[in-house]
Number of protein chains: 2
Amino acid sequence: MLSSTATEPRFQEEKLDLVFRALGDRTRRRLLARLTTGSAMVTELAKPFDMSLPAVGKHLRVLENAGLITRTVNGRVHRCALNALPLKTVDDWLQHYQRFWGETLDALSDYVQRDNGGKPRKRS
Amino acid sequence: MLSSTATEPRFQEEKLDLVFRALGDRTRRRLLARLTTGSAMVTELAKPFDMSLPAVGKHLRVLENAGLITRTVNGRVHRCALNALPLKTVDDWLQHYQRFWGETLDALSDYVQRDNGGKPRKRS
DNA sequence: TTAATAGTAAACCATATGGTTTACTATATC
DNA sequence: GATATAGTAAACCATATGGTTTACTATTAA
């Protein structure tokens, strides 16, 4: 077995860098949202955007490098599909912080609803 | 009421831009992780990093602009604290995709464990 | 009051990012 | 074979990002 595995911290950190940065752009999030309705070729994906085809192509490349989409080339058509697995990695990362936004919400709730007998609100 | 509210789509999109981009850097994620153990002043936060103080200061500014930390100035000491609420926004955004990584995992599971009678695996 | 500490501001630099336009390649179609 | 279509590649540009160093401000302490 190689010294590097998919679960090794550094590997995961690099992946998170790519995924978070890929998600940090509205155009790319719109592309992902579009792909939840099914795979599509590049020109189809580019149509709704007020932007050149190469620009959309670059965004798709960023998403691909982050592992968020897969591409199958068939003739001259590149068909893109959503790959949500990296989002699970993000979700896992987020879970470490869930209790903190819970705490914040509870504190806010306690502050706003003092007539609640001071009981913490149930977590959603 | 003003024409712009915290839940208006554009507002949320801008926020997601800031938060995702803030999270797309390892140094900043380490800073957040540190802050889960409690608030700290800037020099304390900077200590573990092989990086100048102004550099860390900039990272903290990015986190602050994304709403991920709050800062209380007391004399010359700036005390930073985690604010995880924007991470809940991220979590909400992620939930729209949860069923897709579920599907992918199921498909993988089906492929790997053909001896399973073809039944979909239970969601975690 | 002098000196040390906490931190930002500003100027600077290299590289990354997000867009453009203008080729160019490869596949379909007439 | 000629032409249209799908898409990338490459060159270019403006701005953003992540780091540096060198001031500078403000507060605390000797």
Would you mind telling me which of [options] lies closest to the side-chain atoms of [X]?
X	options	value
Val42(B)	dG7(D), dG7(C), dT8(D)	dG7(C)
Ser52(B)	dA11(C), dT21(D), dT8(D)	dT21(D)
Lys58(B)	dT28(D), dG18(D), dA6(D)	dG18(D)
Arg61(B)	dT27(D), dT20(C), dT8(C)	dT8(C)
Ala55(B)	dG19(C), dG19(D), dT8(D)	dG19(D)
Pro54(A)	dA6(D), dT17(C), dT22(C)	dT22(C)
Leu53(B)	dT8(C), dG19(D), dG7(D)	dT8(C)

Please give, in whole Å, the distance from [N] [atom2] to [X] [atom1]?
X	N	atom1	atom2	answer
Arg26(B)	dT17(D)	CZ	P	18 Å
Asp25(B)	dT15(C)	CG	P	18 Å
Glu44(A)	dT5(D)	CD	P	15 Å
Arg76(A)	dT3(D)	CZ	C1'	11 Å
Met51(A)	dT20(C)	CE	P	7 Å
Asp50(B)	dG19(D)	CG	C1'	12 Å
Leu60(B)	dT17(D)	CG	P	16 Å
His59(B)	dG7(C)	NE2	C1'	16 Å

Quick one: is dG7(D) close enough that its OP1 or OP2 comes under 4.0 Å of any side-chain N or O from Thr43(A)?
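True: Thr43(A) side-chain N/O within range (under 4.0 Å) of dG7(D) OP1/OP2.
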
Glu44(B) bridged to Lys47(B) by N-O distance under 4.0 Å:
no

Tell me whether the rings of Trp93(B) and Phe20(B) are parallel (<30°), tilted (30 to 60°) or perpendicular (>60°).
perpendicular

Where is the tightest heavy-atom contact between Leu23(B) and Arg29(B), given as atom of each residue plus distance?
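Scanning both residues, the minimum pair turns out to be O-NH1, 2.7 Å.
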
Could you tell me whether Arg28(B) contacts a base, only the sugar-phosphate backbone, or nothing, with contacts defined as non-hydrogen atoms closer than 4.0 Å?
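Sugar-phosphate: the residue Arg28(B), judged by heavy atoms under 4.0 Å, touches backbone atoms but no base.
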
How about Leu31(A) and Phe49(A): do any of their side-chain heavy atoms sit closer than 4.5 Å?
yes

Reading DNA chain D from 5' onward, which residue's closest nucleotide shows up sooner: His78(A) or Arg21(A)?
His78(A)

